J.: 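Following this message is one structure expressed as structure tokens.
Naming convention: chains lettered A, B, ... in sequence-line order (proteins, then strands); numbering from 1 in each chain. Please read these numbers as outputs of a predicted model, since none were measured by experiment.
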2 protein chains.
Amino acid sequence: MTDMLQRKPVSQVANSDCFTEESLTKLKEIMYEMRAESGNHLFWEGDTADKLYFLKRGQVKITKASDEGKSFILYVYNTGDLFGQVDPFQNSVHSFNAEVTENSIIGVIQQKDLEVLLWQHGDLAVEFMKWMGLMHRMTQTKFRDLMMFGKPGALCSTLIRLCNTYGKSHGSEIVITKKLTNSELADMIGATRESVNRMLGDLKRANIIAMENNYIVVKDLPYLRDICQCENCPVDMCRI
Amino acid sequence: MTDMLQRKPVSQVANSDCFTEESLTKLKEIMYEMRAESGNHLFWEGDTADKLYFLKRGQVKITKASDEGKSFILYVYNTGDLFGQVDPFQNSVHSFNAEVTENSIIGVIQQKDLEVLLWQHGDLAVEFMKWMGLMHRMTQTKFRDLMMFGKPGALCSTLIRLCNTYGKSHGSEIVITKKLTNSELADMIGATRESVNRMLGDLKRANIIAMENNYIVVKDLPYLRDICQCENCPVDMCRI
DNA sequence: TTTGTGATGTGATTTACATCACACTTCCTT
DNA sequence: AAGGAAGTGTGATGTAAATCACATCACAAA
């Protein structure tokens, strides 16, 4: 376990960090484990939303497809993240798709079981609310970043979020320890691959970022911050 | 169409509807009342977020200003709505401004008092989570609508949300019983006044909407739905 | 080795939307 | 009743980004 932690890319903050060890244990006790292969879907839009998912290992993207076949990536969840729709006591339906993008091990929590647990443990309920609030604020700030500062601003914001999620510091440089294609970045900001390619080219030429064996290295974080009027939000909120 | 419905200001659905009568009463017991004049601010970005607000009467807009002086309206809250940032057990700071846009009577809830109440009453905590989840999903779906379907899609989505919030049915027509300027609509979708004006003009010419003594009347809701690929979400989620 | 496939890089063109500029309307005020 | 402010409507022009159309590159599989 400690060994595992050491090999983990540094500075990864999982959203389950807002739970205490004990609370997380309680949650784990009501999970059942499942494996999902890359390419599968945990749920589709329109499916009943009655489960939470704890990503023990792997990656899941929450996406939305438009009629014209474009795809928008709303969130990317990684090892240690908890996700799922949680208006826990109301029949409701997913508005987005959950696409497994790496072979994953997932703990599934039934809403009914969660309800019971929350009833029994006030402290867990409180942490749960904290987690919900954090997720909501993450959505709000992302919304703001993608709406208000044009495509370059959206890209810079996304690069900052990627640093917060996958970044490993080397002096003043930050390596984003996650391979990303131009198309993936495009789908995260609602732009085209070509636009992203050109913007990245501009950033490289201006020596703001660089590529090191296909990983993006951020060399001038303050510049990125400036473009999207970054307010230096807490790292656990400013994520992908 | 009964007499009552006609006289009722609107088919207004308040977000506090997800609380039971008893829960709402409990919340009201820990509020202190304050009055705020149109033009004032309840909070500014950067202020500590440690209060909830219950709008007993009036209107409050949650906005974000960019460096270039543009304003983006994220939410509009009305009589009966509960709002405020609620990651209740974490020091945090507002990312948005709360601007009072009509003289208002507001119940203020201190986070500390809320904490106590949530601890004491499991059922309230549960409803509170439901409310949080609903608010989050409202943000997510708005995000989707404003990002994915261009400015016309954003406008149509906003008109639908306005129908759900302020709409009064007259046969197949829906009157949006709220005066809105082109600039206001523009700030809600991140467009310019001129663009909104032209788009509204197009919709009028196509007989999708009409103006009746300065109120917007939606004559062809299915058309609006089509443009923004509306999935017919629950009314209490699909709001302004 | 060749061939196929997914990704990157870049020019030319089109489109959506913002910006600028100004006339016109409504309604408020003194 | 006149003047002003706030809002609406609309042309002309500019610009960001999408679209289209290829060339190139990396690398895995046949």
J.: Can you tell me if B:Lys219 and B:Asn207 form a side-chain donor-acceptor pair at under 3.5 Å?
T.: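 On atom types as modelled, these side chains qualify, holding a pair under 3.5 Å.
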J.: Would you mind reading off the distance between A:Leu155 atom CG and D:dA16 atom P, rounded to a whole angstrom?
T.: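 My rounded result for the distance is 16 Å.
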J.: Are the side chain of B:Thr139 and the backbone of B:Met135 linked by a donor-acceptor contact shorter than 3.5 Å?
T.: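 Answer holds: yes.
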J.: Decide if the gap between the ring center of A:Phe143 and the ring center of B:Phe96 is smaller than 6.0 angstrom.
T.: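 Not close enough - the centres of the two rings lie 6.0 Å or further apart.
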J.: State which residue, out of B:Arg161, B:Lys151, B:Arg239, fulfils the salt bridge (Lys or Arg N to Asp or Glu O under 4.0 Å) condition with B:Asp145.
T.: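 So the option named by the test is B:Arg161.
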J.: How many whole angstroms separate atom CE of A:Met147 from atom C1' of D:dA16?
T.: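 Interatomic distance, CE of A:Met147 to C1' of D:dA16: 15 Å.
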J.: What is the 5' to 3' range of DNA chain C, first to last nucleotide, that sits under 4.0 Å from any heavy atom of chain B?
T.: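 Contact span on the strand: C:dC17 to C:dC27.
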J.: Would you say D:dT19 has OP1 or OP2 under 4.0 Å from some side-chain N or O of A:Lys70?
T.: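 The answer is yes; a side-chain N or O of A:Lys70 sits under 4.0 Å from OP1 or OP2.
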J.: In terms of side-chain heavy atoms, does B:Gln85 have a donor or acceptor partner in A:Gln140 at a distance below 3.5 Å?
T.: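 No - no donor-acceptor pair under 3.5 Å links their side chains.
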J.: Between C1' on D:dT19 and CG on A:Asn182, what's the gap in Å once rounded to a whole number?
T.: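 Computing the A:Asn182:CG to D:dT19:C1' distance gives 17 Å.
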J.: Do A:Tyr77 and A:Asn15 pair up side chain to side chain, a donor and an acceptor below 3.5 Å, judged on atom types alone?
T.: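 No.
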J.: Looking at DNA chain C, which of residues 193-220 of chain A put a heavy atom within less than 4.0 Å of it?
T.: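 Heavy-atom contacts with DNA chain C come from A:Arg193, A:Glu194, A:Asn197, A:Arg198, A:Lys204, A:Arg205.
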J.: Looking at A:Glu173 and A:Lys168, is any side-chain nitrogen of the basic one under 4.0 Å from a carboxylate oxygen of the acidic one?
T.: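 No, no charged N to carboxylate O under 4.0 Å.
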J.: Anything under 30° is parallel, anything over 60° is perpendicular, the rest tilted; go ahead and classify A:Tyr53 against A:Phe83.
T.: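 A:Tyr53 vs A:Phe83 ring planes: parallel.
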J.: Would you classify A:Thr181 as touching base, sugar-phosphate or nothing, given that sugar-phosphate means primed atoms plus P, OP1 and OP2, and contacts are heavy atoms under 4.0 Å?
T.: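 Result for A:Thr181 = sugar-phosphate.
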